[in-house]
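Below is one structure, written out as structure tokens; comments come after it.
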Amino acid sequence: MVNQYNLSEGALQTIMKGGEYTAPIMQVLGIKKINSGSADKERYRMLLSDGKNTISFAMLTTQLKDAVGSGGIPIFTIIKINRFITSVINNSGKGDTRVLLILDMQILVSGEEVGEKIGSPTTLSDAVINEQPSNGSNTSTSVAKPAQNGVAVAPSSSTANSSSTNGASLAGQLTHPISSLSPYHNKWVIKARVLNKSAIRTWSNSRGEGKLFSVDLVDESGEIRLTAFRDQVDKFYDYIQIDKVYYISKCQLKPANKQFSNLKNDYEMTMTPDTIIQECFESDNSAIPQTKYDFVNIDKIANMEPGVLIDVIGVVKNVGDLQTFQAKTTGRELKKKEAVLVDQSNTAINLTLWGAEAESFDGTNHPVVLIKGARLTEFGGGKNISTVSSSLMKTNPDIPECYRLRHWYDNGGSHSDATNLSARSGSGSLSTTWMSFSEVQDQGLGKAERGDYYQVMGTILLMRSENLMYKACPTEDCNKKVIDLENGMYRCEKCNREFPNFKYRLLASMNVGDWSGNQWISMFSSEVEKVLGMTAQAVGETVEQDPEALTTITDKANFKQFVMKCRVKMETYNDESRLKTVCIKVEDINY
DNA sequence: CCCCCCCC
């Protein structure tokens, strides 16, 4: 019969022997869904014809699921295959089988319209597929040979192509798609691009100690994480570089712990002493995906939820010094550096970098910085972004967005007065609005989650002397009241420790009036000290000597006038909710 | 074999 649909006769033989063929047209003679465990990994296996031959190992990859639709492709449909790769898969111990992986295709004629098998194609046998090519081109059927002496092909300082030193080059091998990797196959070579490389991290716990780093790998079929421990860290850390393409073989596969990775793969890999990694020097690796960025304009971050990971690009408007401090909970020494990023939305946000990244970051001269996978955080009502271990940061990256931002900033952007999303609604003097006590009441302030902030010109009408001071935990930054054990020791329940000493703290309750009314307010130690003109320690020692002196001290506060920045917030105590007002800052009145 | 992602 006439092949009126112009199938690409002979294409399968060429392709399955490793040759090139542009956009072949094929007919689907059968299709079935392969149950691979999880719904998002479902694949289709097809019986495919080019009019002359058929193969039964044609696979539709996961990402084409949407193009195929829930019902699959009807039999007799004619398709054009826009992108494909071939691969060798270990077929459950029955030997290697060559498969055709379809990466991109389109339907040309529906199966219903075609209605029949075209031509009389015959099965393309493994014998034909596997026969040695006469020209010795890149159609080798074997996967990587082990490196000599089981030694991985490590980077060599003297040779660009390390394979030249031990004869186990993986270049030119038929490679396997990342999506085909599983713990049940160990003979494979992938060709993948490194999208991200972590810093080297050490750990020490009850099961031992060591160091590790990991990389995120991608090819046309999917992505996977590869982690190196101990010796492999030394061997490969410097060799592997972000954005480069490598042949990789002989890693150990195991189920991925989804809790700690957002890569789309059910498995992850670990390097072994046999692992081979060689940079791929082929001139055109453009088919292997590059990092994709989904940049969020900074102004849009205002409406996003804390905790999400986002891609941000901005110009460093200014940068702070490296800061070192102790983590309160773990006691670990932390290093951080903050930079303010701004973009064309004329909005800025603070970026926090940690550890080695903070130490090495040079934010001078206003570089453009991009962060893929920055974590959005919230503090004091302001939004911030922070790098986490999975984040990818680049300075002055060679991408169009970078040049656009550079141009914008250098042509006026730097002079614009950007809104900073990181501004805290709490104590910053600019963001607090003037209100009277009656306005606060009339407008029903205090219902917001984080409370509402305002400032008043207030006069202290009465400062209570009762419970003005207490004995607090001597630990810096812990102001918890201690329990006097009556044996010379003081116990802090928060620190779960006993101390031979304590520090005095003040916690004042006072009635404050303004022109519109009055309000009971709490005030913490630092501000009470300003009001009284005495340190908490001095108050404590004075009262130790003479308990009667307490009222003399508080009386001195009465009728003093200050600018008071206040927070009003609904608090629940013993099932009872009521509005509580705290004066977080007192300032002398600037006439 | 890690799996923390921190502070004001």
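Within every chain, numbering begins at 1; the chains are lettered A, B, ... in the order of the sequence lines, protein sequences first and strands thereafter. Source: prediction; values computed, not measured.
Look at A:Lys394 and A:Asp243 and you find a salt bridge, because one of the NZ, NE, NH1 or NH2 atoms lies within 4.0 Å of a carboxylate O, short of that distance.
Across all their heavy atoms, A:Cys495 and A:Thr475 have their closest contact at SG-OG1, 4.0 Å. Among all heavy-atom pairs drawn from A:Leu376 and A:Asn384, the shortest one is CD1-O, 3.4 Å.
The backbone N or O of A:Thr352 sits nowhere less than 3.5 Å from a side-chain atom of A:Lys336 that would complete a donor-acceptor pair.
No contact: A:Gln232 has no heavy atom under 4.0 Å from any strand.
Of the candidates B:dC7, B:dC1, B:dC5, the closest approach to any side-chain atom of A:Phe229 belongs to B:dC1. Checking B:dC6, B:dC1, B:dC5 against the side-chain heavy atoms of A:Arg230 singles out B:dC1 as nearest. Candidate nucleotides B:dC2, B:dC6, B:dC7 were compared by shortest atom distance to the side chain of A:Leu212, and B:dC2 ranks first. With B:dC8, B:dC1, B:dC6 as the candidates, the nucleotide lying closest to the side chain of A:Arg424 is B:dC8. The side chain of A:Asn205 sits closest to B:dC2 out of B:dC2, B:dC4, B:dC7.
The aromatic ring of A:Phe260 sits over the base of B:dC3, with ring centres less than 5.5 Å apart and planes tilted by under 30°. In this pair, A:Phe379 lays its aromatic ring flat on the base of B:dC8, centres within 5.5 Å and planes under 30 degrees apart.
For B:dC2, the OP1/OP2 oxygens have a side-chain nitrogen or oxygen of A:Arg207 closer than 4.0 Å.
Atoms CZ (A:Arg201) and C1' (B:dC5) sit 9 Å apart, rounded to a whole Å. The NZ-P distance, from A:Lys336 to B:dC4, rounds to 22 Å in whole Å. Atom CD in A:Glu333 sits about 13 Å away from atom C1' in B:dC7, given to the nearest Å. The separation between A:Lys335 atom NZ and B:dC4 atom C1' is 17 Å, rounded to whole Å. One can place CZ of A:Arg375 at 11 Å from C1' of B:dC4, the figure rounded to the nearest angstrom. A straight line from CD of A:Glu357 to C1' of B:dC7 spans 17 Å, rounded to a whole angstrom. Note: CH2 (A:Trp354) to P (B:dC8) measures 9 Å, nearest angstrom. Atom NZ in A:Lys254 sits roughly 8 Å away from atom P in B:dC2 (whole-Å rounding).
Here the rule is side chain to side chain donor-acceptor pair (under 3.5 Å) with A:Arg225, and of A:Asn265, A:Asn257, A:Asp216 only A:Asp216 fits it.
At a cut-off of 3.5 angstrom, the base of B:dC6 holds no donor-acceptor pair with the side chain of A:Thr352.
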